[in-house]
Amino acid sequence: MPSRPPYVFISYRHEPNTTGIVTQFYDQLRMYQQGFGLDGVFLDKDKLAAGNVWRAEVTAALERTTHFVAMLTNGYWLSDECHKELAYAVGRYRLEGPAAIRLLFVQVQKIAPELLAFDQPAADANAAFVNDQLGQAFPALKTVGDLQFLGPFDDYARLISLPAENDPLLGDALFQLMMRLKAT
């Protein structure tokens, strides 16, 4: 059975220091969409308030997704909506496997992925569900650092955070992410 063309879902938290960066990444992916052979790129530009019913378009995009890209910030881990998206993607990964969907992560803001443990009890039900789902999908998974990161990476292959939205180096960092995404 031939594999379907890649469809990228960008999951992120709407935040002042994040939204502009994520939009630039989305715009670059759209610019190279045809050259990369992508079927599409989804970015939810409308902010969902906690408790809102998921729109059908978000669910449909998650169903089509072959590459789920989580743009990590502190706010991402504290967001109910981001947890719902991640849990949905992890659930698909668990049922369909890595040939159907890849779970990829980008460090937008400085975090310590190795300190975000999945076997710890979560403070809320959504986080507990995500931790449980990730633990089942990846039996050896202990921390976020065990997941596949697109980057960005420095010259020594160490994970670093993305430059700020107005930093001239942001374009190069986003290009690095796109090329790593293409390689997956």
Side-chain angles (χ1 to χ4, degrees), residues 2-48 54-79 81-86 88-90 92-93 98-111 113 116 144-145 147-184:
S3 64
R4 59 185 180 192
Y7 186 85
V8 179
F9 185 103
I10 302 172
S11 177
Y12 74 106
R13 169 93 186 258
H14 293 267
E15 299 173 283
N17 296 329
T18 305
T19 303
I21 292 171
V22 172
T23 301
Q24 286 183 49
F25 181 55
Y26 169 77
D27 289 344
Q28 282 194 8
L29 281 173
R30 296 270 302 151
M31 184 172 71
Y32 291 109
Q33 180 175 332
Q34 188 174 10
F36 281 5
L38 299 178
D39 186 34
V41 181
F42 180 85
L43 178 70
D44 183 14
K45 294 181 180 180
D46 299 324
K47 186 172 182 178
L48 291 176
W54 258 11
R55 291 187 312 278
E57 65 187 287
V58 173
T59 304
L62 283 165
E63 279 297 315
R64 289 179 62 192
T65 297
T66 59
H67 293 72
F68 180 88
V69 179
M71 306 295 280
L72 300 181
T73 63
N74 292 332
Y76 186 91
W77 287 108
L78 299 174
S79 166
E81 297 308 317
C82 293
H83 280 210
K84 287 178 188 176
E85 293 171 358
L86 181 57
Y88 197 98
V90 168
R92 277 200 52 222
Y93 181 93
I101 185 168
R102 291 174 181 89
L103 303 176
L104 306 164
F105 297 82
V106 173
Q107 182 172 277
V108 176
Q109 179 183 60
K110 189 167 183 82
I111 58 171
L116 295 172
V144 174
L147 296 167
Q148 183 176 355
F149 276 80
L150 288 178
F153 297 99
D154 66 12
D155 293 338
Y156 301 101
R158 293 179 299 206
L159 186 64
I160 58 174
S161 57
L162 280 172
E165 183 178 359
N166 57 354
D167 189 319
L169 297 176
L170 179 61
D172 290 345
L174 294 176
F175 186 77
Q176 178 193 79
L177 297 178
M178 286 189 327
M179 296 312 289
R180 289 184 57 85
L181 177 68
K182 183 179 185 287
T184 66

*Any side-chain heavy atom of V58 within less than 4.5 Å of one from Y88?*
no

_Quick check for you: to the nearest 0.5 Å, what is the distance between L104 atom CG and I10 atom CD1?_
11.5 Å

*asked:* Distance check, rounded to the nearest 0.5 Å: H67 atom NE2 versus L38 atom CG?
replied: 8.0 Å

*asked:* The criterion is ring-ring contact (aromatic ring centres under 6.0 Å, His included); which residues satisfy it with Y26, sequence neighbours excluded?
replied: none

*Got L162 and L174 here, is their nearest side-chain heavy-atom distance under 4.5 Å?*
yes

*What pair of heavy atoms forms the shortest contact from G37 to P5, and how long is it?*
O-CB, 3.9 Å

_More than 12 heavy atoms of other groups within 6.0 Å of N17 CG_ = no

*Side-chain heavy atoms of L159 within contact of F153, under 4.5 Å*: yes

_Nearest-0.5 Å distance that lies between atom CG in L103 and atom CZ in F68_ = 7.5 Å

*Could you pull out all residues at least two apart from R180 that satisfy salt bridge (charged side-chain N to carboxylate O under 4.0 Å, His left out)?*
none

*Mind checking the CG-CH2 spacing from L86 to W77? Nearest 0.5 Å is all I need.*
5.5 Å

*Please say whether more than 12 non-hydrogen atoms of neighbouring residues, nucleotides or ligands are located less than 6.0 Å from CZ in F36.*
yes

*Please list all pairs passing the side-chain hydrogen bond (donor to acceptor under 3.5 Å, both in side chains) test where one or both residues lie in residues 159-172, with sequence neighbours left out.*
none

*Below 4.5 Å, heavy atoms only, C-beta onward: do L29 and L181 meet side chain to side chain?*
yes

_Can you classify the ring geometry of F42 versus F9 as parallel (below 30°), tilted (30 to 60°) or perpendicular (above 60°)?_
parallel

*Roughly how far, to the nearest 0.5 Å, is OH of Y12 from OG1 of T18?*
9.5 Å

*Pairwise distance CD(Q107) to CG(L177) - rounded to 0.5 angstrom*: 11.0 Å

*Looking only at heavy atoms, which two atoms of E63 and R92 are closest? And how far apart?*
O-NH1, 3.4 Å

*Answer yes if the side chains of E15 and Y76 hold a donor-acceptor pair under 3.5 Å, and no otherwise.*
no

_Student check: side-chain heavy atoms of E81 and R13 closer than 4.5 Å_ = no

